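Single-structure report; data block below.
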Amino acid sequence: MRTLISNGTIVTSEGSSVADVLVEGETIALIGADLGGAGITADETIDASGKYVIPGAIDVHTHMELPFGGTFAKDTFETGTRAAAFGGTTTIVDFAVQSRGASLREGLDAWHAKAEGNAVADYGFHMIMSDVNEETLKEMDQLVAEGVPDFKLFTAYPGVFYSDDGAIFRAMQQTAKNGGLIMMHAENGIAIDIVANQTADSGMTDPYYHGVARYSIFEGEATNRVIRLAEAAGVPVYIVHLSSRDALNEVRAARDRGAMAFAETCPQYLFLSLEDMKNGFEGAKFVCSPPLRPKDHWDDLWTGLIKDDLQLVATDHCPFDFEGQKELGRGDFRKVPNGLPGVEDRVDLLHDGGVVGGRITRERWVELISTAPARLFGMYPRKGTVSVGADADLVVYDPNRRRTISAGTHHMDVDYSCYEGREVRGASDVVLSRGSVIVRNGEFTGKKGAGRFIKRSTADAARLA
Ligand code: URP
Ligand code: ZN
Ligand code: ZN
């Protein structure tokens, strides 16, 4: 099958130019001006005049079917990757979970079973480590060899995913040897639980107090601590879902002194705020960790994205229905399952708030949503760019189309949207995954099970940067 995408403005992290793209099978075969005029024929031609042609976006932080707070994140690999595709995201990297007492292998196998035969677009895995011991340390090396080279540990959620400093340092020492990457959820969970318990005990039980109790200074402290541990181990460290200027200041200071510190933020920390949590129990829709922050953190995070102290934007997609799931925390914010839906909206929110909003160039937008994730997570140049030989994961993107975000029209399997009623400019018209059109003008044309596991290489980009 040969597909010609004609006359679009190809936007990569490096620059933009009007050209045609010839897709042959699963990869990009040729890029050039007026390929049709030069005698190149195709089975199908997609007219991209007036549109961008960008590399399929990559979301390196999702949680399909994550067990949390006595329930499971609602999207499956089928519904989650389909929703992602509608939003221009053609690859996700999801977090497999090692349950306490089980092996990494059991956790990884369970996640392969969830995804295989179900995902409509490509996927990879990171591994959440709940126990660090001699067996799991050895298993880390094996996972790196199998294309799962990143390990998430937590200074938050005592009694659930929490690891102490010794365990974190030990895991970092292992990645110093095996080339893997430690990803950190950096909030001081021990201190947070003290404040959260005091807050709830004094009768403040609304979801809003989830946001109040998780001080941003606790995020800054933990961010500094884990970066220092990584410096001691001589390895890169990646801070997930960075939400506050306190944490950003620590990442910037570390990078300024030459530390191999990297971080992502998420749309919810750029477009939503603590104010959104104020509406009684409705605030449960916005319960996530780290929590939403006061609006005055937004500009700092945008500056971080502009100056590359934050390297990319991921979603931390972890959807729970309001009805029946978020409701588990009625009367006690500590019992609301933590997480927000967002895999479908990241590309458009970033385009609207970033490019249309005049904060970043369209090239930086592509870098934040696709190229940097591919580079830092071992998929470049197979993914994350538009170049000959790369996977034909491509999006024909209309930078002028306006759409209104709503649970009534989104494709995520969750009963609310955090951005209900928000109008954004920019939307995906046609989405290709390895050469196949999987979304065209609002219709899904892909296939359940067509997504493949992406065996990723180690984070050399992180070590070199
Ligand atoms: O609230 C969140 N972020 N839920 C998902 C789990 C995590 O910590 O990433
Ligand atoms: Zn986390
Ligand atoms: Zn997460």
Side-chain angles (χ1 to χ4, degrees), residues 59-75 80 84 92-99 107 111 123-130 150-163 168 181-189 192-193 196 207 210-211 213-214 216 218-219 222-223 226 237-244 247 262-270 272 274 276-277 283-293 312-322 325-326 328-329 333-343 346 373 377 412 414 418:
D59 189 345
V60 293
H61 192 151
T62 68
H63 299 284
M64 305 306 170
E65 303 175 50
L66 177 77
F68 198 107
T71 186
F72 289 83
K74 189 109 179 292
D75 267 317
I92 63 165
V93 187
D94 201 84
F95 287 85
V97 179
Q98 177 218 3
S99 310
W111 251 256
Y123 57 91
F125 296 122
H126 317 285
M127 189 79 220
I128 286 178
M129 280 184 86
S130 302
D150 333 298
F151 305 88
K152 182 180 177 189
L153 287 96
F154 297 71
T155 59
Y157 310 138
V160 188
F161 293 129
Y162 174 85
S163 289
I168 293 165
L181 180 70
I182 297 293
M183 308 171 79
M184 288 300 316
H185 178 138
E187 289 183 288
N188 188 323
I192 284 169
D193 275 8
H210 168 88
R214 302 183 83 92
S216 59
F218 291 149
E219 188 185 6
T223 301
V226 300
V237 64
Y238 179 91
I239 310 297
V240 296
H241 48 44
L242 185 148
S243 72
S244 66
F262 303 89
E264 67 182 23
T265 190
C266 310
Q268 53 270 34
Y269 304 122
L270 298 166
L272 301 173
L274 190 55
D276 290 300
M277 301 185 70
K285 292 177 177 172
F286 302 95
V287 167
C288 60
S289 295
L292 304 183
R293 303 297 184 189
L312 64 92
V313 178
T315 61
D316 195 9
H317 176 75
C318 189
F320 298 101
D321 273 345
F322 182 69
Q325 291 192 296
K326 290 286 188 182
L328 293 169
F333 67 81
R334 292 168 298 181
K335 297 193 174 134
V336 178
N338 287 202
L340 308 185
V343 76
R346 174 185 64 132
F377 289 95
M412 298 176 284
V414 61
C418 292

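Remember, it's 1-based here, ligands and their atoms both numbered in the order they're listed. Keep in mind that this is a model prediction, so the values were computed, not measured.
Counting heavy atoms from C-beta on, the side chains of S243 and S216 never come closer than 4.5 Å. Here the side chains of W111 and V97 are in contact, with some heavy-atom distance below 4.5 Å. You'll find the side chain of V60 reaches within 4.5 Å of the side chain of H126, heavy atoms only. Under the 4.5 Å side-chain criterion, counting only non-hydrogen atoms from C-beta, D316 is not in contact with L340.
Between H241 and the choices E264, Q268, H185, the side-chain hydrogen bond (donor to acceptor under 3.5 Å, both in side chains) rule is met once, by H185.
At the top of the distance list for atom 7 (C) of ligand 1, counting protein heavy atoms only, stands K152 NZ, 3.4 Å. Of the protein's heavy atoms, Y157 OH, 2.8 Å lies nearest to atom 8 (O) of ligand 1. Counting protein heavy atoms only, atom 4 (N) of ligand 1 is closest to N338 O, 3.0 Å. Looking from atom 1 (O) of ligand 1 to the surrounding protein, the closest heavy atom is S289 N, 2.8 Å.
For ligand 1, the atoms closer than 4.0 angstrom to any heavy atom of H61 are 9 (O). Within the listing of ligand 1, atoms 8 (O) sit less than 4.0 angstrom from a heavy atom of H185. Counting the atoms of ligand 1 from 1 in the order shown, those under 4.0 Å from a heavy atom of H63 are 5 (C), 6 (C), 7 (C), 9 (O). Residue C288 approaches ligand 1 through these ligand atoms, each under 4.0 Å from one of its heavy atoms: 1 (O).
Using a 4.0 Å cut-off between heavy atoms, C318 contacts ligand 1 through its side chain alone, with no backbone atom that close. Contacts of D316 with ligand 1, taken as heavy-atom pairs under 4.0 Å, involve the side chain alone. Contacts between F161 and ligand 1, counted as non-hydrogen atom pairs separated by less than 4.0 Å, are absent for every part of the residue.
No side-chain N or O of T315 forms a donor-acceptor pair with one of R346 less than 3.5 Å apart.
Aromatic rings from F95 and F161 are positioned such that their centres are separated by 6.0 Å or more.
A perpendicular orientation is assigned to the rings of H61 and H63, their planes being inclined by more than 60° (bins at 30° and 60°).
Taking a 4.0 Å cut-off on heavy atoms, F95 fails to register as neighbouring ligand 1.
Taking distances strictly below 2.8 Å, the protein N/O/S atoms close to the Zn ion (ligand 3) are H61 NE2, H63 NE2, D316 OD1.
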Original post:
Stepwise, does the side chain to side chain contact (heavy atoms under 4.5 Å, CB included) test hold for F262 with I239?
Top reply: CA-CA 6 Å; F262 303 89; I239 310 297; over 6 Å; no
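Interatomic distance, E219 CD to T155 OG1, rounded to the nearest 0.5 Å: 9.0 Å.
Side chain of Q98 to main chain of S130: a donor-acceptor pair is present (N/O by atom type, distance under 3.5 Å, no hydrogens or angles).
Seen from the ring of F320, K326 does not count as a face-on cation partner, given the 6.0 Å and 45° thresholds.
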